[in-house]
Each structure stands twice: as structure tokens, then as C-alpha cells.
2 protein chains.
Amino acid sequence: MAKKKATIQDIARAAGTSVSTVSRVLTGNAPVSDAKRAAVERAIAQLGYRPSLIARGLKMSKTFTIGVVINDITNPFYSMVVKGAESEAKACGYSLILCVSNENPETELHQLQMLHDKQVDGIIFGPTGHNTEFIRSLAARIPMIQVDRYLPDLQSDAVVVDNEGGAYQAVKLLTQRGHRRIGLVGWQIGITSEDQRIAGYCRALEDAGIPCDPHLMSTSPAFAPETMPAMVETLLARRPRPTAIFTINNQFGIVAMQAIRQAGLNIPDDVALVVFDDLAVFALTSPAISAVAQPAYEVGQRTVQLLLSRLKDDGEAPPQLIVLPTELIVRESA
Amino acid sequence: MAKKKATIQDIARAAGTSVSTVSRVLTGNAPVSDAKRAAVERAIAQLGYRPSLIARGLKMSKTFTIGVVINDITNPFYSMVVKGAESEAKACGYSLILCVSNENPETELHQLQMLHDKQVDGIIFGPTGHNTEFIRSLAARIPMIQVDRYLPDLQSDAVVVDNEGGAYQAVKLLTQRGHRRIGLVGWQIGITSEDQRIAGYCRALEDAGIPCDPHLMSTSPAFAPETMPAMVETLLARRPRPTAIFTINNQFGIVAMQAIRQAGLNIPDDVALVVFDDLAVFALTSPAISAVAQPAYEVGQRTVQLLLSRLKDDGEAPPQLIVLPTELIVRESA
DNA sequence: TTGTAAGCGTTATCAG
DNA sequence: CTGATAACGCTTACAA
């Protein structure tokens, strides 16, 4: 039923010309007489011809496709990054192959490999923190831009936010309000973004003359979402109890909010709360949550812009680290 | 610097055999002697050879890629659908090209066209409601599964949730609590999911002996997010004021919550609220919001399962409409 | 079992 | 300006 797709051959035949001429009107990079061009265009319209992008890709070694590997598309931050990336890519004639790695190094490895095999023109990814050697060798063969986080050992492009500064602002808000026992919850899984947030937390404390107390830092060296509530509870069980908590991401923020409530404590009177990575609904919870907002859409946009510029550079410009500013949004929880 | 990628030719040469033999060990669909196989495998390992998926795609007319077109990846429902779809696709050796249409028919058209040009094996999409004829013709050439919503005029596969039933349950909760003036806010842009939710709303009212009053239905025939607050305000301005509101999606739910608050009204005492499409944070707002939860992850999973089964069928089975159940989650707002 | 050769649908080179 | 023709990297008859 579905008649075979017309090829460039069919067009040539129908237009009474050669495939090269058809190709020329298609790509437009060689002169063609008006008569021929008209004939070709007529044939194209009549047969509903569409050039095969995959044949073209094979011939030109160019697919107009960008690979994206992120940890969790349901995380609002990442979904906004992807939205920005997709929008920019679309505007430039590229499309995105989306891979979600679930913070799993093995999955990440397979997906990077697969993207390379599919000959995407470039890759955007938020590294799990592993596979460094493999990634280094891959980066020698295909443009890669790290997003949100980066492998410090890798000499490569990256687009991130000012994690250290954002965390610093958040914790400074707390110290300014007189808090001295400020807890932190988060992962410590060797990922720059999180490490830098922890660093910002420590710096803000030290600036206020408060020593950075390991007992007030509830971190885990492994990514295990099911342990999140216990991690917050640990902190709340410290005596004297911390009077404020800074969470390293919004998931921990939500968990902390629940745990504090369940402990019968009041926010912000018993425990103040500031979370890194804002959510729209934080304005609607009770109390509304103070948070560090990230320019997620712009992160996505800038990342593909940088990638596309690399595609022209041919990768000869020095690696670039783009750091976008964050914004502390003060609401009711601190 | 980056040495040229090795091709099947290079492997043949290095292994002292022919390309066909190499291809045979690659695809494994023809016998090869152990000696040759070993030699080939050694060469592959030494040269770090990886078959070009795009050359293979050209030859086999099979790309192991699925196109996905949705309206908004930052909508938690869709991002969960995509997560389910990606997971299932990955497990079956497929990857996803993600396109976001922003509810824009023109963008949708370009993206569907582009996916076809890139020769994806199939397409999953949530139609904007337009481009029906184009989609019909496309569906004759490539397997397409509609997701979340469908074009009623199109005879085609779709995976959706029980929108009518879910809305019915939500509004029934309201009538059971004694509400008689129940407002509705939402789009009426000719999309099945929304139309069916409206139908469920009306049926629940009628079952309770309440006529379906157009003055209590604040809908808009065009997708224009900036008008959402005004749409809710219109409803709140009716006299006598509705004592309850049902919103057709979670965005309207958030807007409604804000508008009700800003009007100095209390939820649920002045105005009760139930929203279609649950969010995790609805459990944390004050009051917690009652909502209709959709099995989003499963929707994504089932959609690619259906698509992959069509790829085997060769599309000869009759079109299927898969309807997944929703669940009413009663919290504090109604 | 193995190799040769003909495509898959393009673009690009090179003569006319 | 135009038309053969050789790639691009792979799979698959067809022969041997």
C-alpha cells in the first residue's frame, strides 16, 4: 500500500535530468539553469520527494543530531535544561537524542558509546563522575560539552552554574539571621556541583566565624534516594538540634520539609530551611521555601550554543568553562 | 590527531579476510569458522572498531530510533511519560529523538516531517489537534502511536488515561461533599484529553442532579498560558460564587491556588479545589491538594511497547486504544 | 565456510 | 551548466 519512497533517482528520471543536477538544486551549491531547476522542483512536488537524511548523513559524515545524556529527566532542573537545549538546537536545525543515565555509570557508558556509534555531531552530558578515561578518549573523537557538572580531570568544555556562590548566599542568609548551628544534607558522590555547594556552605560558615562541624553534615557517598529521609532524621536527632538546614538539592528539600513536619517541628521557628535549586511550587507550600534558583533554561541554551560553536571551530579553541549566576530567593522558610 | 575511524574494510584487511566475513561475525547471521572469527575479533579489539550505525541504517532501512513529539517536557506528566518511554526503549535497544512542539501546530508539522526524513522506525506523539491530513498520510508510511491524546478522525493506535472517568471521580467527590456550584477551568482547544475531562465533569454533575452551567465553565479556545490567572478570576467573580473548582490540569491547579489565596479566600472552606494530574508537591502545599493521579511512567512504557509490537506486526493488526486507569487522591483541599 | 560484487540514497569530482 | 561515476560503510545475494 505505502508506495516506495521516491529517491533522487526517481526525481532525476521524472525531471529528465541527472541525479547530480537534482542534488545541485537540493543543496544549492552549484549553478543550475532555470529550466532544469523548474523541472526538478516540479518533479519533487509531484512525487512528494524528501531527501534521505540518513543517506546524506553517511555521505557527509554529518547528522545534525546532538546526543544528550542526563541523570533524570523528571528532575525539573534537567527538564528545563533540556527544554532550553532543544529549543536552541531546533532553531539551528539540529535534533536531540535524549538518554537518561539514572546516575548509573554503566548506563552512561553504553549511552555515550551508542551516541558515538550513531555518529551524532556532538554530545552534551552531565557526567556521573565515572568513566573518565573512556570519556577522555571519546572527547578526542567527538565534541563534548559537560553540563551542570564536570569531571575536573578532564580538560574540556562545560556549562555550569555558580554552585559555590549560590550555596554561599543561601547559608549566609542563615548566619545573618543569627543561626549558628546550620546542618547540611546532600550527596557527596564526587560530583563537582555538589562538592562546590558543600564548599560554599563551609565558606559561609567560616566567614561568620563558625567552624564547619562534620556532625552537622549529613552526606552519603552513594546515590541512594531511599535513604534520604533517614539522612535528614539523623540531622534532626543531633543535640543540640540544628536550628537551620541547608539542602543541596530540591529533592532533599522536599524530604527535609516532610521530615521536619513529621518530627512535630515548625519551619522556620524550630528549624529554618533553605534549599538549593528552586521549584515553582516552593512559592505555594506552607511556609513558602527560600531557595537558590538556577538559570536552567539558559544553561541548556548556552550548552548547545557552545557545542555548535565547537562544530565550527573544529575544536581548536581552548576549553571553556561557562559559569552562570544563581539567584537567592528569600521566602518564608528562612 | 584523532585518527580516522576504522571501517569494516580495515578490519577485513587486519584480519586477513573479506568484509563479508567481518560482517558475518558482526551480525552473527551466518556461520564463520572459529579461526576466522578469532582473527576478526582480535582485529576489532585492536583497532577499537565500532560499526557505523548510520551506514547500517542506510543499508537496512532500520535506525533503532524512535521519534517523540510532545508539547512540554517541563510538564511533570510528560517528563514522566518520557522517562518511561526512554527506559523501555533503551531496554529494547532503541533510542529516542525528543522534540517539543510547545502546542504549536507548525512546529509539530516540521518535527514530524523531520523525524520521517531521518527515517526513525516509528513515532510517538501527543497531537496538537491540527495537521490531521498530513498525519494521516504520514501514518500510512511509518508506524505512529498517539500518546495522552488522540485525533478522533484518525484511525490509529493510542495510549491514553481514563480522562473521563478520572474527572468524573474528582467532581463526584465534590458533589458528595455537598457542593452544588462547581466551577471548571481549562482549555477547550479540541484535544481529546481535555474534552473528555470536561465530559466527566458534566456527567458527574448530571448524576447529582445538577445542570451543567456554562457560566461556571471558564474555558479558552486558544492555548495562552498568560491568560490562566484571569480565567480563574472570572470564575471567582461569579455571583453566587462557586463553592468548589475543578481544574483540568495541574498548571491550572497551581494558578487557581494562587488566585484563590489572593482573593483572600480559604481552601477548602470558601472554595474547595480538586485538580486533574497530580504532582508530588501537592502533598506538601497548604492545604494539601486533592488530585487525580495519572500513571505517567506506565503510559510512556506502554506506548513504546505498542510501537515496537507494530514494528513486528508490520501494522496489520487493527488499531488499538489503550486506556490506563487514573486514581483519585483525596487530601485536604476537598 | 568464504569472497566478490551489487546496492542503500546521497554528494562530489571530473570531464564534457 | 550538465552528466557519468566514484565514494560513504555496511549487508547480502550469488558464486566458489
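To find a chain, count down the sequence lines: A is the first, B the second, and so on, and within it residues start at 1.
Remark: C1' of D/dC10 and CZ of B/Arg50 are 15 Å apart, rounded to the nearest angstrom. A straight line from NZ of B/Lys5 to C1' of D/dC8 spans 12 Å, rounded to a whole angstrom. Between the CD1 atom of A/Ile54 and the P atom of D/dG9 there is a distance of 14 Å, rounded to whole Å. Per the geometry, CG belonging to A/Leu58 stands 12 Å off P belonging to C/dT11, to the nearest Å. Between B/Leu53 atom CG and D/dG9 atom C1' there is a gap of 11 Å when expressed in whole angstrom units. Rounded to an integer number of Å, the gap from B/Ile11 CD1 to C/dT2 P is 17 Å. D/dT11 atom C1' lies 13 Å from atom CZ of B/Phe64, rounded to whole Å. The distance from atom CD1 of B/Ile8 to atom P of C/dC8 is 18 Å, rounded to the nearest whole Å.
With sequence neighbours left out, the salt bridge (charged side-chain N to carboxylate O under 4.0 Å, His left out) criterion links B/Arg136 to B/Glu133. For the side chain to side chain contact (heavy atoms under 4.5 Å, CB included) test, residues two or more places apart in sequence or in another chain that qualify with A/Met80 are A/Lys83, A/Ala296, A/Tyr297, B/Thr74. Applying the side chain to side chain contact (heavy atoms under 4.5 Å, CB included) criterion to A/Ser18, with sequence neighbours excluded, gives A/Ser20, A/Thr21. Partners of B/Phe134 according to the ring pair (Phe, Tyr, Trp, His ring centres under 6.0 Å) rule, which considers only residues two or more places apart in sequence or in another chain, do not exist here. Not counting sequence neighbours, the partners of A/Tyr94 by the ring pair (Phe, Tyr, Trp, His ring centres under 6.0 Å) test are A/Phe64. For B/Asn29, the side chain to side chain contact (heavy atoms under 4.5 Å, CB included) test picks out B/Thr27, with sequence neighbours left out. Under the rule for a side chain to side chain contact (heavy atoms under 4.5 Å, CB included), the partners of B/Glu41 that lie at least two apart in sequence or sit in another chain are B/Arg37.
Within 4.0 Å (heavy atoms only), B/Ser20 reaches at least one base atom of the nucleic acid. Using a 4.0 Å heavy-atom criterion, one finds that B/Ser61 contacts no nucleic acid atom at all.
Taking every heavy atom of residues 111-118 of chain A and every atom of DNA chain D, no pair lies under 4.0 Å. For DNA chain D, the neighbouring residues in residues 22-42 of chain B, judged by any heavy atom under 4.0 Å, are B/Ser23, B/Thr27, B/Asn29.
At its two ends the helix from C/dT1-D/dA16 to C/dG16-D/dC1 runs along axes set 50° apart, each axis drawn from five pairs and the angle rounded to 10°.
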Donor-acceptor contacts under 3.5 Å from residues 95-102 of chain B side chains, at least two apart:
{"from": "B/Ser95", "atom 1": "OG", "to": "A/Lys118", "atom 2": "NZ", "distance (Å)": "2.4"}
{"from": "B/Ser101", "atom 1": "OG", "to": "B/Ile70", "atom 2": "O", "distance (Å)": "3.3"}
{"from": "B/Ser101", "atom 1": "OG", "to": "B/Asn71", "atom 2": "OD1", "distance (Å)": "3.1"}

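The side chain of B/Val19 has D/dT11 as its nearest neighbour among C/dT10, D/dC8, D/dT11.
Residue-to-nucleotide contacts include no donor-acceptor pair under 3.5 Å from the side chain of A/Lys59 to the base of C/dA12.
Phosphate proximity of C/dC8 to A/Thr7: absent, as no side-chain N or O sits under 4.0 Å from OP1 or OP2. Residue B/Ser18 places at least one side-chain N or O under 4.0 Å from the OP1 or OP2 atom of C/dG3.
The nearest heavy atom of DNA chain C to B/Gly16 and to A/Arg56 marks one nucleotide each, and the one closer to the 5' end goes with B/Gly16.
Smallest separation of non-hydrogen atoms from B/Leu58 and A/Leu58: CD2-CD2, 3.3 Å.
There is no side-chain donor-acceptor pair under 3.5 Å between B/Tyr150 and B/Asp157. With hydrogens and angles left out, the side-chain atoms of A/Gln119 and A/Thr63 include no donor and acceptor closer than 3.5 Å.
Residue pairs satisfying the ring pair (Phe, Tyr, Trp, His ring centres under 6.0 Å) criterion with at least one member in residues 102-133 of chain A, sequence neighbours excluded, are absent.
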